[in-house]
Amino acid sequence: MNWTVILHIAKTHLLTKIKQTATAALGVTFGIGAYITLVCFMTGLNSMLDDLILNQTPHIHIFNEIEPSKKQPIDLYTKIESSLNMVHSIKPKQSQKKIHNALPLLTYLNNDAKVRGATPQIKTQIFYIAGSIELGGNLTGIEVLEEARLFNFDDYIINGTTLDLQNTDNGILLGAGIADKMSLDIGDRVLVSTIKGDIFPLKIVGMFQSGIADIDNIQSFVKLKTIQRILGEAENYITDINVKLYDLAEAIPMAQRIEAQFNLKAIDITTANAQFETGTTIRNLITYAVSITLLIVAGFGIYNILNMLIYEKMNDIAILKATGFSGKDVQMIFMSQAIIIGLVGGFFGLLIGYVLSSIIDRIPFNTEALPTVTTYPINHNIWFYVIGITFAMFSTFLAGYLPSQKAKKIDPVQIIRGQ
């Protein structure tokens, strides 16, 4: 088998029937181009939705949960200890919201090699007061710079900066929904009232918008020291600790270990976002199902085009066999044509897919609900391109192999006699 001769004949066949060759290559090109564009856009959209939630969610959330006492007074009565006791309408036991020994716990977590960072928070319910308007909401005290480093806090500030909050005593980062309802802007002052009735004036230094309306309508942020002063608590008063890990897979075992070791409630990100994770899985299944369907449809189109291309060359097959080429040689000639078409068509398909997805990536997408998103999301994952070119080669190989098997067995005498 002389590969130089075989490839030369394959090239001649492709160039002499350039329209048919171009049609076959375009079938591959548009199939792979459509696949790349679709999968890059849909996975980009899924990633954007995931990031919208997960960027703001700690891998482990530690707090002191208020719950009923597990041991009731009736359990202390030894005479009926072998009986089944039923207690109804159990009230929660009195307990403090703050985390006991929170500062040593923070030091312990930050020294752990698996922990990227642990930040303290203080959460409380308040009323926002501006003139005659009074709205209920939540106020969270944070370590501003650490929140920005670990949880991309900067991305959700639409006016002002984290430094404005860090450098301003009695400053507040007001939720965008609250600002709209109360007609407030940067530089204005808003009164906050605690549940005890204490009122404190705060200066608005920025606007916060998470993209989730239910949060933006109630949530605001201040410095940790500011909220401690509002609540009249000491510097060691901390109600929540958020932990960011290097490896998300460590969240569940570490949360279990913290609960057992420190007698606190520790919620891992998987448990906290179970419903959201289910939605993400379903969206990914839809994405890949549509992508695979598109590739299969493109594969059938490629097969039909190459199949017709080979049947139109029956006379050429007869002439080649009559001049001494074996059936294996004829098969390799047409297999070479199919692989060349797949390689060229696949390359241009990847190029078209990249160009189209890049154009989509630059189309403006402005919405108040998603302040951090300025263009349509695209995910240029290198594996999508590897899958695309691999499928192009595989589908053209099959499309060339099956008809070429038949061409290999053709009797040249019957074809020439039929002419």
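Quantities reported herein were computed from a predicted structural model and do not represent experimental measurements. Note that these values count all heavy atoms, side chains included, but never hydrogens, waters or copies made by symmetry.
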A.B. asks: Can a donor-acceptor pair be found, under 3.5 Å and without considering hydrogens, that links the side chain of S357 to the backbone of Y354?
C.D. replies: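 Indeed, once roles are kept as given, a pair shorter than 3.5 Å links the two residues.
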A.B. asks: Heavy-atom distance under 4.5 Å between the side chains of D216 and D180, does that happen here?
C.D. replies: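 No, side chains not in contact.
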A.B. asks: Measure across V386 and I389 and return the closest heavy-atom pair with its distance rounded to 0.1 Å.
C.D. replies: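 In this case the closest contact between V386 and I389 is O-CG2, 3.3 Å.
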A.B. asks: What do the steps show when you test T375 against I363 for side chain to side chain contact (heavy atoms under 4.5 Å, CB included), and what is the final call?
C.D. replies: CA-CA 5 Å; T375 60; I363 297 176; 6.0 Å; no
A.B. asks: Nearest heavy-atom pair of I218 and G136: which atoms, and what distance?
C.D. replies: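 For I218 and G136, the tightest heavy-atom pair comes out as CG2-O, 4.0 Å.
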A.B. asks: Does CZ belonging to F200 count more than 12 external heavy atoms closer than 6.0 Å?
C.D. replies: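 Yes, CZ of F200 has more than 12 neighbouring heavy atoms, counting only those of other groups under 6.0 Å.
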A.B. asks: Please report the closest heavy-atom contact between T162 and D154, naming both atoms and the distance.
C.D. replies: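 Answer, listing the atom of T162 first, then D154: CG2-OD1, 2.8 Å.
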A.B. asks: Checking V243 against I62 for the side chain to side chain contact (heavy atoms under 4.5 Å, CB included) test, could you report, in this order, the C-alpha distance in whole Å, the side-chain angles of both residues, the deciding distance, and whether it holds?
C.D. replies: CA-CA 8 Å; V243 181; I62 304 170; 3.9 Å; yes
A.B. asks: Measure from the side-chain N and O atoms of Q209 to the backbone N and O of I158, and report whether any donor-acceptor pair falls under 3.5 Å.
C.D. replies: no
A.B. asks: Step through it carefully: locate the ring centre of F153, locate the ring centre of F221, and say whether they are under 6.0 Å apart.
C.D. replies: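 Centroid distance F153-F221: below 6.0 Å, so yes.
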A.B. asks: Measuring from F384:CZ to L38:CG, what's the distance to the nearest 0.5 Å?
C.D. replies: 10.0 Å
A.B. asks: So with a 6.0 Å cut-off around CZ of F348, is the heavy-atom count from everything else above 12?
C.D. replies: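 Counting neighbours around CZ of F348, 12 or fewer heavy atoms of other residues, nucleotides or ligands fall under 6.0 Å, so no.
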A.B. asks: How about D247 and K114: do any of their side-chain heavy atoms sit closer than 4.5 Å?
C.D. replies: no
A.B. asks: With rounding to the nearest 0.5 Å, note down the distance linking OH in Y237 to OG1 in T124.
C.D. replies: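 Output value for this atom pair is 6.5 Å.
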A.B. asks: Find out whether I60 and I269 are in side-chain contact, i.e. whether some heavy atom of one side chain is under 4.5 Å from a heavy atom of the other.
C.D. replies: no
A.B. asks: Kindly indicate whether the side chain of N64, heavy atoms from C-beta on, has any atom under 4.5 Å from the side chain of T239.
C.D. replies: no
A.B. asks: Measuring only between side-chain heavy atoms, which start at C-beta, is I267 closer than 4.5 Å to F63?
C.D. replies: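 SC-SC contact between I267 and F63 confirmed.
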A.B. asks: Going through the distances and angles, do S193 and E134 end up as a side chain to side chain contact (heavy atoms under 4.5 Å, CB included)?
C.D. replies: CA-CA 9 Å; S193 173; E134 186 174 307; over 6 Å; no
A.B. asks: Just checking, any donor-acceptor pair under 3.5 angstrom between side chains of T271 and D268?
C.D. replies: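 Yes, side-chain donor-acceptor contact under 3.5 Å.
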A.B. asks: A side-chain contact here means heavy atoms from C-beta on lying under 4.5 Å apart; do T140 and Q219 qualify?
C.D. replies: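 Yes; the side chains approach each other to less than 4.5 Å.
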A.B. asks: Checking side-chain polar atoms at under 3.5 Å, does N46 have a donor or acceptor matched by the opposite partner on T43?
C.D. replies: no
A.B. asks: Indicate whether any N or O donor in one side chain lies under 3.5 Å from an N or O acceptor in the other, for Y128 and S220.
C.D. replies: yes
A.B. asks: Could you pull out the closest heavy-atom pair between I172 and L139, with the gap in Å?
C.D. replies: CD1-CD1, 4.0 Å
A.B. asks: Do L264 and E259 come close enough that some side-chain heavy atom pair is under 4.5 Å?
C.D. replies: no
A.B. asks: Are the side chains of I195 and I126 in contact, using a 4.5 Å heavy-atom criterion?
C.D. replies: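 When only atoms from C-beta onward are counted, I195 and I126 do not touch, as no gap falls below 4.5 Å.
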A.B. asks: Are any side-chain N or O atoms of S183 and backbone N or O atoms of A179, one a donor and one an acceptor, separated by less than 3.5 Å?
C.D. replies: no
A.B. asks: Indicate the atoms forming the closest heavy-atom contact of I186 with M207, along with that distance.
C.D. replies: N-CE, 3.9 Å
A.B. asks: Once rounded to the nearest 0.5 Å, what's the spacing between atom OG of S47 and atom CG of N379?
C.D. replies: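 Answer for the OG-CG pair, S47 versus N379, is 5.0 Å.
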A.B. asks: When you measure from the side chain of N111 to the backbone N and O of Y108, does any donor-acceptor pair fall under 3.5 Å?
C.D. replies: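 Pair absent, no side-chain N/O of N111 close to backbone of Y108.
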A.B. asks: For residues E147 and Q121, is any side-chain donor paired with an opposing acceptor at under 3.5 Å?
C.D. replies: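 Yes, a side-chain donor-acceptor pair sits under 3.5 Å.
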A.B. asks: Under the criterion side chain to side chain contact (heavy atoms under 4.5 Å, CB included), which of D240, I241, L150, L145 is the partner of T119?
C.D. replies: L150
A.B. asks: Under the side chain to side chain contact (heavy atoms under 4.5 Å, CB included) rule, what do V39 and I387 come out as? Steps first, then yes or no, please.
C.D. replies: CA-CA 11 Å; V39 75; I387 292 171; over 6 Å; no
A.B. asks: Less than 4.0 Å between a side-chain N and a carboxylate O, is that true for D188 and K203?
C.D. replies: no
A.B. asks: Is the side chain of T29 donor-acceptor paired with the backbone N or O of G345 at a distance under 3.5 Å, no angle test?
C.D. replies: yes
A.B. asks: Above 12 or not: heavy atoms from other molecules or residues under 6.0 Å from CD of Q125?
C.D. replies: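 Open: at most 12 neighbouring heavy atoms sit under 6.0 Å from CD of Q125.
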A.B. asks: Using atom types as modelled and distance alone, determine if a side-chain donor or acceptor of N110 lies under 3.5 Å from a backbone N or O of L106.
C.D. replies: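 Flag set: sc N110 to bb L106 pair under 3.5 Å.
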A.B. asks: When rounded to the nearest 0.5 angstrom, what distance separates NZ in K123 from CD1 in I238?
C.D. replies: 13.5 Å
A.B. asks: Drop me the distance from R116's CZ to H59's NE2, to the nearest 0.5 angstrom.
C.D. replies: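 Interatomic distance, R116 CZ to H59 NE2, rounded to 0.5 Å: 8.5 Å.
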A.B. asks: With a 3.5 Å distance limit and no angle check, can you tell me whether Q228 reaches the backbone of E235 through a side-chain donor-acceptor pair?
C.D. replies: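 Answer holds: yes.
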A.B. asks: Shortest non-hydrogen contact from L224 to P120?
C.D. replies: CD2-CG, 3.8 Å
A.B. asks: Measure the spacing between CD1 of I204 and CG of L174 and express it to the nearest 0.5 Å.
C.D. replies: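 Answer rounded to 0.5 Å: 5.0 Å.
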